Amino acid sequence: MLVDGDMTQTYSIADLSPVEKTYLGVLATGIVPARLAKDSSLRMDYLTAICLAIIEGLPHDTYLDGEGPEITPSFREQLTRGAVGLDEKGILAAGPPPPDMLMSADMARPKPPPVIDFDQHPRIFDRYLGAQCMEELFRNPEVYPFLMGKYQDSAEVWGRLHHEGYGRWR
């Protein structure tokens, strides 16, 4: 949802490009960030590349550089444009706010960075749209087992991190 002064614009799943829809759907699963998990197979760019290839009926490695987890430069450009597009629509924040804005009363939305770190998960503002995109991914009979396998791997990492005290007040 984009809020600009008094004007509010709501987006639907039909308003998103295939890469925007896929990226938002993968993000909405809540898979642990790859850097935190120390597992490059959980990278958002890698997962999005495979899911989009499956959806398009292409070989799973279409957007991968070799067997992955690196993605092709052209797919990185496409995915970056998709993330920036979602940011411009106000659906997510493609990059973190600058450090000097974190405690500022004037929290204007920063511009997305020129290079997006897909190991860090952006803040999703339109969680309803994210859930719709995730549900659409899960309805695909080939995407579902792939993504649920990654979700299971992620759940084990989240459990370990929680046991170690990550995310809890002490």
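Small disclaimer: the values here were computed from a predicted structure and weren't measured.
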Inter-residue atom distance Lys89.NZ - Leu129.CG, 0.5 Å rounding: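 Rounded to the nearest 0.5 Å, the NZ-CG separation comes to 9.5 Å.
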
From SG (Cys51) to CG (Leu137), nearest 0.5 Å: 5.5 Å

Joint cluster assignment, Met148 & Met134, ILVMFWY side-chain distance < 4.5 Å: yes

All side-chain hydrogen bond (donor to acceptor under 3.5 Å, both in side chains) counterparts of Asp15, not counting sequence neighbours: Ser12

Check side chain to side chain contact (heavy atoms under 4.5 Å, CB included) between [X] and all other residues, then give those that pass, not counting sequence neighbours.
| X | value |
| --- | --- |
| Pro59 | Asp61, Thr62 |
| Ser74 | Thr72 |
| Arg127 | Ile124 |
| Glu77 | Arg81 |

Summary of side chain to side chain donor-acceptor pair (under 3.5 Å) pairs that have at least one residue in residues 42-56, sequence neighbours excluded: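 Checked against side chain to side chain donor-acceptor pair (under 3.5 Å) - neighbours excluded - the pairs reaching residues 42-56 are Arg43-Asp45, Arg43-Glu70, Asp45-Arg76, Glu56-Tyr63.
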
Backbone of Gly149 reached by a side-chain donor or acceptor of Gln152 within 3.5 Å: no

Side chain Asp126, main chain Ile91, donor-acceptor under 3.5 Å: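 A pair under 3.5 Å: no.
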
What is the minimum heavy-atom distance between [X] and [Y], and which atoms define it?
| X | Y | result |
| --- | --- | --- |
| Ala37 | Leu42 | CB-CD1, 3.8 Å |
| Leu47 | Ser41 | CD2-O, 3.5 Å |
| Ala94 | Ile116 | CB-CD1, 3.7 Å |
| Leu16 | Glu20 | CA-OE1, 3.3 Å |

Are [X] and [Y] close enough that some pair of their side-chain heavy atoms sits under 4.5 Å apart?
| X | Y | answer |
| --- | --- | --- |
| Leu92 | Leu24 | yes |
| Tyr23 | Pro122 | yes |
| Phe118 | Thr80 | yes |
| Pro18 | Ile55 | no |
| Val143 | Thr22 | no |

Donor-acceptor list for residues 27-36 side chains, cut-off 3.5 Å, not counting sequence neighbours:
from	atom 1	to	atom 2	distance (Å)
Thr29	OG1	Val26	O	2.6
Thr29	OG1	Ile31	N	3.4
Arg35	NH1	Asp117	OD2	3.0
Arg35	NH2	Asp117	OD1	3.3
Arg35	NH2	Asp117	OD2	3.1
Arg35	NH2	Asp119	OD2	3.4

Listed once per pair and sorted, the salt bridge (charged side-chain N to carboxylate O under 4.0 Å, His left out) pairs that draw on residues 141-152, sequence neighbours left out: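 Passing the test, one end in residues 141-152: no pairs.
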
Listed once per pair and sorted, the salt bridge (charged side-chain N to carboxylate O under 4.0 Å, His left out) pairs that draw on residues 129-139, sequence neighbours left out: Lys21-Glu136

ring-ring contact (aromatic ring centres under 6.0 Å, His included): pairs with one or both residues in residues 24-43, sequence neighbours excluded: none

Partner set under ring pair (Phe, Tyr, Trp, His ring centres under 6.0 Å) for Phe138, not counting sequence neighbours: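 Only Tyr144 meet the ring pair (Phe, Tyr, Trp, His ring centres under 6.0 Å) criterion with Phe138.
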
More than 12 heavy atoms from other groups under 6.0 Å of CZ on Arg160: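 Yes, because the 6.0 Å sphere around CZ of Arg160 holds more than 12 heavy atoms from other groups.
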
